[in-house]
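Just so you know, these numbers use all the heavy atoms, side chains as well, and skip hydrogens, waters and symmetry mates.
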Amino acid sequence: MQFVSMIDQETIQRIMDAARIEEVIGDFVSLKKRGANHIGCCPFHNEKTPSFYVSPSKGIFKCFGCGEAGDVVSFLKKHEHFTYPEALRWLARKYNIEIQEEEQTEEQKERQNERDALFHLSEFAQQYFADLLYNDEMGRAVGLSYFHGRGLSDDIIKSFGLGYCLDEWTNFTDHARKNGYSDAVLEKTGLTIFKEAGEKEAGDREERRRAYDRFRGRVMFPIYSISGRVLGFSGRVLSSEKQAAKYVNSPDSDIYNKSRILYGLFQARTAISKANKCYLVEGNIDVISMHQSGVENTVASCGTSLTTEQIRLIKRYTPNVTVLYDGDSAGIKAALRAVNLLFAEGMHVRCVLFPDGEDPDSYAQKYGSTALQEYLATHEDNFLIFKTRVLLDGVKDDPIRKAELVRDTVNTIALVPDLIERTEYIAQCAHLLDVPEEALASELSKAINQNRQKAYAEKEKENDQSVQNNQNTQNIQNTQNIQNTLAPSSVDPFERHLIQLLLNYGHNSIELQVTAEDGTPQYATYTLAELVVNDLQADELSFSDPLCLRIYLYYCDTLARGEEPDASRFITDDDEALRSFAISLMLDTYRISDTWRQKQVFVPTLEDHLQEDLTETLLGFKMRCIDNRIADNARRFREAKSKEDLDKLLAEKKQLVDLRRQLGLALHRVIN
C-alpha cells in the first residue's frame, strides 16, 4: 500500500524537524557520547569494538565496520523493516505529532503488500484480544481472573497488552474476515489454521478448507519488536485438557522469528541501559512478575533455548547478564546450556538460582517485591564458577570425569575474549578443581588455538562461498563499490579531503583579497564550494575516484544553475555506496580531549583555519595531478617512435617540472 500521498510535505517536515536521531537510535542501541557524536556497537552486524557513530548535529549515522549509513528514517527502515511512511508514522507517534490521513478503502487494503498486511493483522489481533479480556463476559471470567490470580495488576496487564482468545472455533477468524483480512494473511501470521475439509460443503461444488483459531481458549501474550510492533503471540491454555499443549506460539513468518526475539525487551530496554544489567528468565509470566516487582530490566527467550541472535540483542544495551533459572535440575541444566553462548559473545555473566520449586514469579508472590529484589542482590554468583562447582559435585573421586570437567571448564574460559578475565578465571578454577594453574593455562592455550583455527576455517569457507555467490549474481560491481567505501585509504587523500571540505563546509564564506581593474586591492566573499569549483575548472582538473567525481559534479552543476548546493541530499541517496561514502566524510570521528579545555588550552579546530586548509589541500591536489601527468609523460616518452614526438614530450616534461617546482614553493617543500 502506498501511503506517501496521504502525509503532506509540511507534516513530513515537522516530523523530521522534531526527530532527534540520537534519541531514536538510542531506543535500539546503547549509545555513549563522544565529543559531538554518539558511539555504540552496530545493530546491523556483530562487533565487539564500537564503530557505529551518530551525529546529532547533522542528523546522520554511519557504521565504519559494515558501511551502513543514513538518516533517522533510513535507520528505522533498515532496523525495523518499515516502509518510508511507516517510519514517519512511528516518529510522529514518538514526538506526538498528529497526522491526518484518509480512511483506507477496501481497494487500498487489497493493494497493501504482504509484509504490511502481516503487521496490520497482528496489531489488529492484539487489540481485539485485549478488548475481550475486559469487555467480554467470558474474557473477564476466564482470562482476566487468571491474570489476577497470578497477582498481576491491571496496569501491568495493559502495559504488556495481554488478552484472551475466546474458546470458540472461529471467533477471531470470523471477526478478522469481517474487517477485510484475507485467509492468506490469517494463515501466514499463524493466527488461523486451515485444514482440508473431509467432505464437501452443502450446495458448494468445490471442496473448501476448514478454519479454526490457533489460540482459542488461551490467554494471550503479544510479542513485540524493540520498537513496539506486534510480531506474534504466545498463548497459554487454561483448560485441564491433557492433550492440549500448555503454551502455543506463533509460527515463524516474514515478520516473526522466535530465535531473534526476546520477550519483554520492548518494555525493558530503557531499564536495561539505565541499570547496565539484564536479567534473563525462562517464561513470560516471570518477565511480567519481575517488572511488577520493580525489576524492569528483565527479558525471556520466546519459547526457545537461548540463541546467539538473542544474546546480541541484549548486548546492544549492556554486556552484563544475570541468568535466573529455577532451582530444580531442569533449571540448572538450562542455565549450563546457556553459559558458553553468552561467554562466546563477550558477555559478563552471573546467575541466581532460586530455591527448589521456586521461580521469580512464585517467589515474588510468596515473599513480595522487596524480598525478591533482596534475594537477587544477595544470591548472585559468577556463572563460570557456579558451573564448575555444580559439575564438580558429580565428579567425586573419578579421575576420568574430573579430566573431562577440566577440559570442559577450560573450553568455556577459552571463549572469554578478555585476557585479564581469562587469567582470573584460571586462578579461581584452578583452586576449585585443585589443579595447578600452569596445567590449566597450558590447556587454555591449546583451546584458544583450536578455536582460532576453527574460526579461520569457517571464515575461509564463508569467503569461498561468497566468491562463488558473487560469480552467480549481477551485483559484483555494487559489492566492489561498497568495499571501496569501507576502505577509504584507497581514495587519494587530497581528493577525499577536498570532498570532505565541500560536504561539511561548502556553504561557509571565505573572504579573499583581489586586485581591482585599477590595481587597488579589494576584498570579495565566496563560498568554499565556489572557490573549489572555480579553481579546479580554471586548471581543467577533476577527480579520478568515481564517488568523489559524482559529488564534485553535483556541486559544479548546482552552482552553474545559480542554486545553493545541499550536502544533505547525499544522506538519502538511493545509491548505497555513494550514501555511505558521503556520510563517512560528513561524520567527524575525532574529537579534542576535554582535558585541554579544563586546562584553559583552547586547541584550534579545522573551521578556525578553513582558508589555510583549503589552500594547502588544493595545492596538494594539484601537485598529485602534476605527478600523475609526469608519470604519464614518462610512459609516452618510452613508447614514442619519432624525434618530433620525443621533442614535444621533453618540452611538456620541462613545463610540468617547472610547475611542480612552483607548487612545491607554495607548499614550502623542497622540490628537486
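Counting only N and O atoms by type, the side chains of Gln127 and Asp131 include no donor and acceptor under 3.5 Å apart. For the residue pair Ser225 and Glu80, a side-chain donor N or O sits within less than 3.5 Å of a side-chain acceptor on the partner. With hydrogens and angles left out, the side-chain atoms of Ser259 and Gln310 include no donor and acceptor closer than 3.5 Å. Using modelled atom types and a 3.5 Å distance limit, the side chains of Tyr146 and Arg236 yield a donor-acceptor pair. Side-chain contact, Ser362 with Asp359: a donor N or O sits under 3.5 Å from an acceptor N or O. With 3.5 Å as the limit, one finds a donor-acceptor pair spanning the side chains of Glu47 and Ser51. In this structure, a donor-acceptor pair under 3.5 Å is absent between the side chains of Asp136 and Tyr164. Donor-acceptor pairing under 3.5 Å is recorded for the side chains of Lys387 and Thr412. Side-chain polar atoms of Gln292 and Ser153 form a donor-acceptor pair below 3.5 angstrom. Between the side chains of Tyr95 and Glu23, a donor-acceptor pair is found at a separation under 3.5 Å.
At a threshold of 4.0 Å, the pair Arg350-Asp381 does not count as salt-bridged, since none of the basic side-chain nitrogens sits closer than that to a carboxylate oxygen. With respect to Glu168 and Arg216, no salt bridge is recorded, no charged nitrogen being found less than 4.0 Å from a carboxylate O.
Pairing each heavy atom of His45 with each of Cys63, the nearest pair is CE1-SG, 3.3 Å. Residues Val352 and His379 come closest through the heavy atom pair CG2-O, 3.8 Å. The two residues Met220 and Gly235 have their closest heavy-atom pair at SD-CA, 4.2 Å. The shortest heavy-atom contact between Tyr375 and Leu353 is OH-O, 2.7 Å. Between Val299 and Ile314, the shortest heavy-atom contact is CG2-CD1, 4.4 Å. Nearest heavy atoms, Ala211 versus Thr192: CB-CG2, 3.8 Å.
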Query raised in the report: Can you list the steps and then say if Ile311 with Leu341 is a side chain to side chain contact (heavy atoms under 4.5 Å, CB included)?
Result: CA-CA 8 Å; Ile311 295 170; Leu341 282 176; 3.5 Å; yes

Query raised in the report: Please walk me through it: do Tyr279 and His291 pass ring pair (Phe, Tyr, Trp, His ring centres under 6.0 Å)?
Result: CA-CA 11 Å; Tyr279 287 107; His291 277 250; over 10 Å; no

**Report entry** Stepwise side chain to side chain contact (heavy atoms under 4.5 Å, CB included) check, Tyr425 with Thr409
**Finding:** CA-CA 10 Å; Tyr425 280 133; Thr409 302; over 6 Å; no

Query raised in the report: Stepwise, does the side chain to side chain contact (heavy atoms under 4.5 Å, CB included) test hold for Leu384 with Val349?
Result: CA-CA 8 Å; Leu384 181 55; Val349 193; over 6 Å; no

Requested in this report: Begin from the C-alpha positions of Ile99 and Ile15 and carry the test side chain to side chain contact (heavy atoms under 4.5 Å, CB included) through to its verdict.
Outcome: CA-CA 10 Å; Ile99 297 178; Ile15 294 171; 3.9 Å; yes

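Checking side-chain atoms of Asn297 against main-chain N and O of Lys277 turns up a donor-acceptor pair under 3.5 Å. Under the 3.5 Å distance criterion, the side-chain polar atoms of Ser145 are matched with a main-chain donor or acceptor of Val142. In this structure a side-chain-to-backbone donor-acceptor pair under 3.5 Å is missing from Ser293 to Val295.
Residues Leu191 and Phe233 are in side-chain contact: their nearest non-hydrogen atoms beyond the backbone lie under 4.5 Å apart. Side chains of Asp167 and Met138 form no contact here, defined as non-hydrogen atoms less than 4.5 Å apart. Side chains of Lys77 and Thr83 form no contact here, defined as non-hydrogen atoms less than 4.5 Å apart. The side-chain heavy atoms of Met290 and Leu324, taken from C-beta on, include a pair separated by under 4.5 Å. Glu358 has its side chain within reach of Lys366: a pair of non-hydrogen atoms, C-beta onward, lies under 4.5 Å apart. Two residues are said to be in side-chain contact when any heavy atoms from C-beta on lie closer than 4.5 Å; Tyr317 and Thr270 fail this criterion. A 4.5 Å side-chain heavy-atom check between Thr388 and Phe383 finds every atom pair outside the cut-off. Taking the side chain as every heavy atom from C-beta outward, Gln267 and Glu296 never approach each other to under 4.5 Å.
The 12-atom threshold is exceeded at CZ of Arg140, counting heavy atoms of other residues, nucleotides or ligands nearer than 6.0 Å. Heavy-atom neighbours of Lys94 NZ from other residues, nucleotides or ligands within 6.0 Å: above the threshold of 12.
Under the 6.0 Å distance and 45° angle rule, Lys258 does not count as a cation-pi partner of Tyr263. Note that Arg229 lies in the cation-pi zone of Phe119, set by a 6.0 Å cut-off to the ring centre and a 45° limit from the axis.
Checked options Arg316, Lys315, Glu68; the residue passing with Pro43 is Arg316 (criterion: side chain to side chain contact (heavy atoms under 4.5 Å, CB included)).
Note: Phe172 and Tyr128 have tilted aromatic rings, judged against thresholds of 30 and 60 degrees for the angle between ring planes. Aromatic ring pairs are classed by plane angle as parallel below 30°, tilted from 30° to 60° and perpendicular above 60°; the pair Phe75 and Phe61 is perpendicular. Ring planes of Phe266 and Tyr224: tilted class, angle from 30 to 60°. Ring planes of Phe28 and His79: tilted class, angle from 30 to 60°. Under the 30°/60° scheme for interplanar angles, the aromatic rings of Phe221 and Phe147 are found to stand perpendicular.
Taking CZ of Phe215 as the start and SG of Cys165 as the end, the distance is 8.0 Å to the nearest 0.5 Å.
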